[in-house]
Each structure stands twice: as C-alpha cells, then as structure tokens.
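Report on the following structure.
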Amino acid sequence: MNKSKCDVCKRLPAESYASQVGGADDNNYLPTEVEKLEVIENDLRGTKTLRCLKCGAKFRLVEKYEYLVNGASETEQTLTRISPSENGNI
C-alpha cells in the first residue's frame with residue numbers, strides 16, 4: 001500500500017517531536033496515530049523501531065526520560081520515518 005494513502009501514515013510527518021514536563025500546562029504529544037504502530041524492536045534504552053500494520057512503513061521512536069530533583073519529570077519523544085534506503089538495514 002502507498003504510504004501517502006495509508007490512513008495512519010498520512011497523518012504522521014517525516015519527523016515529530018513531543019515534550020512533557022510534570023505539572024506544565026504547555027505539554028505537547030506525538031500524534032495519536034503512533035499508538036497504531038507495532039513495536040518490532042526495542043533496545044530497552046529508549047529507542048524503538050515501529051511498523052505500520054497497514055502499509056509496513058517503519059519509524060524510529062527515541063524516548064528520553066529525566067527525573068528532576070524536585071520530584072517532577074521530563075519526557076521527550078522524537079519519531080522519525082525510516083527512509084526506504086535505510087529500511088533494508090533494519
């Protein structure tokens with residue numbers, strides 16, 4: 001299936017960034033379509049390879065979590081579409 005016609009992938013840009021800080025009002029999140037992607041590889045250090053179940057497109061999700069001294073936390077996520085040329089290496 002063409003990725004531009006896939007209901008999931010057409011809503012995911014080539015790269016997305018999100019950041020949440022405990023207690024902040026201006027948190028932002030990755031598109032909800034990320035929840036429809038399947039984890040196919042997890043290095044357990046914050047990097048996952050995801051695949052669209054509809055069209056097979058692959059994405060890299062990097063999550064960074066930091067616990068702050070005051071008890072709050074900060075989380076950052078970067079989702080990047082894996083190019084077809086890079087796709088063969090995964």
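Residues take their numbers from the sequence shown, with the count starting at 1.
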Tell me, with the steps shown, if L79 and V34 meet side-chain contact (heavy atoms from CB on, under 4.5 Å). CA-CA 9 Å; L79 180 73; V34 172; 3.5 Å; yes
Run the salt bridge (charged side-chain N to carboxylate O under 4.0 Å, His left out) test on K48 and E63 for me, step by step, so that the C-alpha distance in whole Å, both residues' side-chain angles and the decisive distance to 0.1 Å come before the verdict. CA-CA 8 Å; K48 297 176 184 175; E63 297 178 291; 3.6 Å; yes
Dump the intermediate steps for side-chain contact (heavy atoms from CB on, under 4.5 Å) on L12 and L37, then the final yes or no. CA-CA 11 Å; L12 295 171; L37 302 175; 4.0 Å; yes
Verdict with reasoning, L61 to T47, per side-chain contact (heavy atoms from CB on, under 4.5 Å): CA-CA 6 Å; L61 176 63; T47 301; over 6 Å; no
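Shown here is E38, whose CD atom has more than 12 heavy atoms of other residues, nucleotides or ligands within 6.0 Å.
Between atom OH of residue Y67 and atom CD of residue E74 there is a gap of 14.0 Å, rounded to the nearest 0.5 Å. Atom OG1 of T78 sits about 8.0 Å away from atom CG of L30, to the nearest 0.5 Å.
For the residue pair R81 and A57, the shortest heavy atom distance occurs at NH1-CB, 4.2 Å. Between V39 and N42, the shortest heavy-atom contact is CG1-CB, 4.2 Å.
Salt-bridge check for D7 with K54: passed, with a basic side-chain N closer than 4.0 Å to an acidic carboxylate O. Ion pair E33/K10 not flagged as a salt bridge, since none of the NZ, NE, NH1 or NH2 atoms sits closer than 4.0 Å to an Asp/Glu carboxylate oxygen.
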Would you give me the side-chain donor-acceptor pairs under 3.5 Å for residues 15-22, sequence neighbours excluded?
residue: E15; atom: OE1; partner: T80; partner atom: OG1; Å: 3.4
residue: Y17; atom: OH; partner: E76; partner atom: OE2; Å: 3.2
residue: Q20; atom: OE1; partner: Q77; partner atom: NE2; Å: 3.0
residue: Q20; atom: NE2; partner: N28; partner atom: O; Å: 2.7
residue: Q20; atom: NE2; partner: Q77; partner atom: OE1; Å: 3.1

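The shortest distance between side-chain heavy atoms of T49 and I82 falls below 4.5 Å.
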